[in-house]
There are 2 protein chains.
Amino acid sequence: MYSVAIEDYLKSIWKLGSKDVGTQELASHLDIKPASVTKMILRLTEMGLVDHTPYKGASLTRRGELEALSVVRRHRLLETFLSQTLGLARDELHVEAERLEHALSKELEAAIAEYLGNPTRDPHGHPIPGPNGELYEETDLPLSDSPINMTLTVMQVPDNDSNILSWLENNNIYPGTKLKIISRDDFDGGINVRIGLSKIRISSSIASLVKISFEE
Amino acid sequence: MYSVAIEDYLKSIWKLGSKDVGTQELASHLDIKPASVTKMILRLTEMGLVDHTPYKGASLTRRGELEALSVVRRHRLLETFLSQTLGLARDELHVEAERLEHALSKELEAAIAEYLGNPTRDPHGHPIPGPNGELYEETDLPLSDSPINMTLTVMQVPDNDSNILSWLENNNIYPGTKLKIISRDDFDGGINVRIGLSKIRISSSIASLVKISFEE
DNA sequence: TATAAAGTTTAGCCAAGGCTAAACTCATTG
DNA sequence: CAATGAGTTTAGCCTTGGCTAAACTTTATA
Ligand SMILES: [Mn+2]
Ligand SMILES: [Mn+2]
Ligand SMILES: [Mn+2]
Ligand SMILES: [Mn+2]
């Protein structure tokens, strides 16, 4: 069993992409100083969880990736479980799962997955990796560059910013919501959207965080 | 928020009684060396959580006691929650709660308590302290020195030894079980008990861990 | 009552995981 | 192509929470 710190490092590197991740980028994501990150990256490299090229960046080895996926699986199962049983709001889930994810045994993970019927998406629409790291490939698209005048289904909302999340919730935007882009403001990329009977404007920065799908 | 180590120390001191707790006793309970315990006790004393008389022992201050009760509350609520939702067996609960108890926010604690209807006993029959450390006084008695030939109701079983616990479970002894002591073996304090149609013998060491109540 | 044993504390060590300040590398760019 | 500045690493420090070995107290025993 890896430490809380190590699990969070691996998850962060995983989230920041498959490319080489910079020290500073990782530091700000973990809210830690760059020098501390360098030191930990050296340890993770030593452990065979990370590949590191000095002055260039770090990436996960296969072993590191599997461990990261395991943490992500626990996180997303927990969010789903807390939502389902206790009815926590979508914007309260992330912060709780962030701590609980490190305290979940394999057995409890399995019991929760079974209880939930082995879900493939969490309450934010994020895919839940399988018990052996299986992750189906993404086909959802950012709302920010989706076609106009088509019926779109919201598939994913962000999980880590509870302000954005509660704004979206208040405007009835969450996985399953049907909406249509009416127009796009060229000057700043903001979009005007119809949801049911109401029309709202969504800034491009937020629209890029919402993922959708649609029929051909 | 106190560290995992500190929370476990406080809980252990609390469990080991209201008297002064010895270094060695605490060390073996926490599976740690006595010298490490002494060092931590000094820190806890510094923090105002513990009173310490050198070469005599340590006891909780009121603040330390309240913190210990908070950990115990989280532990027992979690056991109840996992039992209720996932149906975990009584002998699997403790080890899971032992880690999760340190990752539970006040909000999640409250949500779980409410979901469960503010229970006062966990699945082992142990009383659950209230949100402000309220704990009703115990009236349950050890089965080992209970009256003979009366209908007794099992109120509490131990939670930390899964071997004993599954033996008890296999013999249908758990909170709510009705039983009657038929006779007591004077030579070793073992008792012979009728549960429903079957009769079994319970050693005195196990009988002292099972608590019962009965009508006058 | 002197001494041995049991229990406790102190001293000194270590690893994990933070920090700051200083040194280093590398990609610009003047 | 040399100098600057952004980003990264190194050096050295700190706290937490373990450990062992040695010293110290207290208690029990001869
Ligand atoms: Mn986390
Ligand atoms: Mn999520
Ligand atoms: Mn614990
Ligand atoms: Mn219990």
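Order of the sequence lines fixes the chain letters, A, B, ..., with proteins taken first and strands second; residue numbering starts at 1 for each chain.
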Aromatic ring proximity B/Phe81/A/Phe81, centre distance under 6.0 Å
yes
Taking side-chain hydrogen bond (donor to acceptor under 3.5 Å, both in side chains) as the criterion, tell me which of A/Glu7, A/Glu101, A/His102 meets it with A/His75.
A/Glu101
Partners meeting side-chain contact (heavy atoms from CB on, under 4.5 Å) with B/Ser146 (sequence neighbours left out):
B/Leu141, B/Leu152, B/Ile181, B/Ile212
Could you run down the sub-3.5 Å N/O contacts of the protein with nucleotides 24-29 of chain C?
none

Rounded to 10°, the helix from C/dT1-D/dA30 to C/dG30-D/dC1 deviates from straight, judged by its five-pair end axes, by 20°
C/dG17 OP1/OP2 closer than 4.0 Å to side-chain N/O of A/Ser36:
no
Short of 4.0 Å, heavy atom to strand atom, which residues of residues 6-19 of chain B count as contacting DNA chain D?
B/Tyr9
Please report, rounded to the nearest Å, how far the P atom of D/dG7 is from the CD atom of A/Gln24.
5 Å
Can you pull out every side chain to side chain donor-acceptor pair (under 3.5 Å) where at least one residue sits in residues 115-130 of chain B? Sequence neighbours excluded, please.
B/Glu79-B/His124, B/Arg121-B/Tyr136, B/Arg121-B/Asp140
C/dT9, C/dG17, C/dC19: which one has an atom nearest the side-chain heavy atoms of B/Pro34?
C/dT9
Between residues 38-52 of chain A and DNA chain D, which residues have a heavy-atom gap below 4.0 Å?
A/Thr38, A/Leu42, A/His52
Step by step, work out the salt bridge (Lys or Arg N to Asp or Glu O under 4.0 Å) result for A/Glu98 and A/Lys11.
CA-CA 11 Å; A/Glu98 197 57 54; A/Lys11 192 163 58 127; 2.9 Å; yes
Looking at the side chain of B/Ser3, which of D/dT8, D/dT10, D/dG17 is the nearest nucleotide?
D/dG17
Salt bridge present between B/Arg201 and B/Asp185 (N-O < 4.0 angstrom)
yes
Return yes if a side-chain donor-acceptor contact under 3.5 Å exists between A/Ser105 and B/Glu96, otherwise no.
yes
